[in-house]
Amino acid sequence: MKKILLGQKNLLKAAWKVDFGMYLEGDDEGKILLPTRYVPEDLEVGDEIEVFVYLDNEERRVATTLEPKAMVGDFAYLEVAWVNEFGAFLDWGLMKDLFCPFREQKKRMETGRSYIVHVHLDEESYRIMASAKVEKWLENDRLIKTNEKLDEEDSMRIHVGDKVSALIWQKTDLGFKAIIDNKYGALLYDSQVFKDIHTGDKVEAYITKIRPDGKIDIALQKSGRQHTEDFAEQLLRYLQYRGGRCRLGDKSGAEEIKEQFGVSKKTYKRAIGDLYKRRLITITEDGIELV
């Protein structure tokens with residue numbers, strides 16, 4: 001009998017139907033109710049269905065076909081639905097709100113405001129809870145040093161140049177803290193930001209450096225030659241579909257280039273040089289043109 005993962009999605013078999021829903025096969029702790037509102041019309045006894053399992057208001061396991069905004073192990077940007085004397089309750093897309101006790105808040109959460117939190121199972125109560133003290137849930141200290149021997153688990157570690165999913169965490173004097181691949185903390189420097197981003201945004205990023213102390217630097221664009229080559233092809237397509245001309249040249253302002261293409265002036269000039277060397281464009285006083 002498989003173990004039910006609380007706070008996660010589970011593929012369960014329909015056991016029997018009742019007036020108020022469908023009971024699904026569980027584990028040693030018993031079967032799990034899928035309330036009527038979530039039972040698909042074509043679900044029959046013996047069929048399998050993917051459901052999210054959590055605890056109802058009476059701390060009983062219950063299933064739903066709703067898609068939660070976060071599951072156990074996830075970092076997420078969630079809004080506070082209400083607050084009482086014990087803590088805050090966050091909207092995570094389910095009937096029962098997600099509890100964040102005061103001890104897991106950096107500062108008192110306020111109704112209507114959103115916060116980056118980590119979702120976890122509380123070891124003492126076995127309840128699903130949120131924590132705004134996200135630093136303690138990051139795994140940067142588990143990153144191995146490059147001179148250490150890889151074991152099976154470490155063979156899946158991240159590398160410089162990897163494309164990652166980044167959740168923007170908070171603004172700092174240097175740039176933005178972010179959480180990448182739902183696991184590691186990283187820093188996106190202001191010099192690498194070429195579009196408006198805010199806390200809670202999810203963006204694609206690239207790892208530019210992994211420091212010996214486990215700190216990670218990221219950028220929103222590929223670094224080096226590969227990024228230039230990729231943008232050069234993008235610029236070539238732009239010219240092909242825009243009549244063969246672009247008013248921006250290598251002497252155009254950085255802000256104009258950023259607004260038009262979302263890249264730095266340095267990247268733009270390199271792309272122009274790449275296309276020019278391939279004899280695909282000419283550079284004029286008014287910009288660039290296809291040959």
Polar side-chain atom of [X] near backbone of [Y] as donor-acceptor pair, under 3.5 Å:
| X | Y | answer |
| --- | --- | --- |
| N140 | G214 | yes |
| D162 | Y206 | no |
| T208 | D217 | yes |
| N84 | G87 | yes |
| D27 | E29 | yes |
| Y184 | A178 | no |

Do [Y] and [X] meet the salt-bridge criterion of a basic N to acidic O distance under 4.0 Å?
| X | Y | answer |
| --- | --- | --- |
| K106 | E135 | yes |
| E256 | K265 | no |
| R61 | D56 | no |
| R270 | D274 | no |

Can you confirm whether [X] sits close enough to [Y] that some side-chain heavy atom of one is under 4.5 Å from a side-chain heavy atom of the other?
| X | Y | answer |
| --- | --- | --- |
| K269 | I272 | no |
| R127 | F99 | no |
| I281 | L239 | yes |

So if you build clusters from Ile, Leu, Val, Met, Phe, Trp, Tyr with side-chain heavy-atom gaps below 4.5 Å, do [X] and [Y] land together?
| X | Y | answer |
| --- | --- | --- |
| V51 | M71 | yes |
| Y77 | I197 | no |
| L94 | M129 | no |
| F86 | M109 | no |
| L138 | I180 | no |

Suppose we call two aromatic rings close when their centres sit under 6.0 Å apart. Are F52 and W92 close by that rule? yes
So which pairs with a foot in residues 168-181 pass salt bridge (Lys or Arg N to Asp or Glu O under 4.0 Å), sequence neighbours left out? K171-D190
For [X] and [Y], work out which heavy atoms get closest and say how close.
| X | Y | value |
| --- | --- | --- |
| I207 | I210 | CG2-CG1, 3.8 Å |
| S131 | E104 | OG-OE1, 2.6 Å |
| V160 | K209 | CG2-CA, 4.1 Å |
| I288 | Y268 | CD1-OH, 3.9 Å |
| I257 | G249 | CD1-O, 4.5 Å |
| P101 | A130 | CD-O, 3.9 Å |

Report, one line per pair, each donor and acceptor closer than 3.5 Å where one atom sits in a side chain of residues 4-15; sequence neighbours left out.
| unit_1 | atom_1 | unit_2 | atom_2 | d |
| --- | --- | --- | --- | --- |
| Q8 | NE2 | V72 | O | 2.7 |
| K9 | NZ | E67 | OE1 | 2.8 |
| K9 | NZ | E67 | OE2 | 3.0 |
| N10 | OD1 | L5 | N | 2.9 |
| N10 | ND2 | L5 | O | 2.9 |
| N10 | ND2 | Q8 | O | 3.0 |

Show me, pair by pair, the donor-acceptor contacts under 3.5 angstrom made by side chains of residues 30-49, not counting sequence neighbours?
| unit_1 | atom_1 | unit_2 | atom_2 | d |
| --- | --- | --- | --- | --- |
| T36 | OG1 | F20 | O | 3.0 |
| T36 | OG1 | G21 | N | 3.0 |
| D47 | OD2 | E44 | N | 2.9 |

Decide salt bridge (charged side-chain N to carboxylate O under 4.0 Å, His left out) for D286 and K251; before the verdict, give the C-alpha distance in whole Å, the side-chain angles of both, and the deciding distance to 0.1 Å. CA-CA 10 Å; D286 299 325; K251 295 181 181 179; over 6 Å; no
Are R108 and F102 in a cation-pi contact, defined as NZ or CZ under 6.0 Å from the six-membered ring centre and within 45° of the axis? yes
Partners passing side chain to side chain donor-acceptor pair (under 3.5 Å) against Q240 (at least two apart in sequence or in another chain):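 Partners of Q240 under the side chain to side chain donor-acceptor pair (under 3.5 Å) test: none.
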Checking V119, L167, V117 against F75 for side-chain contact (heavy atoms from CB on, under 4.5 Å), the one that qualifies is L167
Y23: what forms a ring-ring contact (aromatic ring centres under 6.0 Å, His included) with it, not counting sequence neighbours?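 Partners of Y23 under the ring-ring contact (aromatic ring centres under 6.0 Å, His included) test: W16.
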M95 and N57: CA distance, side-chain angles, deciding distance, side-chain contact (heavy atoms from CB on, under 4.5 Å) verdict: CA-CA 9 Å; M95 293 288 290; N57 291 325; over 6 Å; no
For K136, does the NZ atom have more than 12 heavy-atom neighbours from other residues, nucleotides or ligands under 6.0 Å away? yes
Given the rule in the side-chain contact (heavy atoms from CB on, under 4.5 Å) test, do L187 and I216 qualify, once you have shown the distances and angles that lead to the verdict? CA-CA 6 Å; L187 181 62; I216 302 168; over 6 Å; no
Report the C-alpha distance between E79 and K69 in whole Å, list the side-chain angles of each, state the deciding distance to 0.1 Å, and finish with yes or no for salt bridge (charged side-chain N to carboxylate O under 4.0 Å, His left out). CA-CA 11 Å; E79 182 179 338; K69 297 177 181 178; over 6 Å; no
Criterion salt bridge (charged side-chain N to carboxylate O under 4.0 Å, His left out) on E58 and K96, from CA distance to verdict: CA-CA 11 Å; E58 297 183 15; K96 180 185 177 184; over 6 Å; no
For residues 162-181, pull every pair meeting ring pair (Phe, Tyr, Trp, His ring centres under 6.0 Å), keeping only residues two or more places apart or in separate chains.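 Sorted result for residues 162-181: empty, none.
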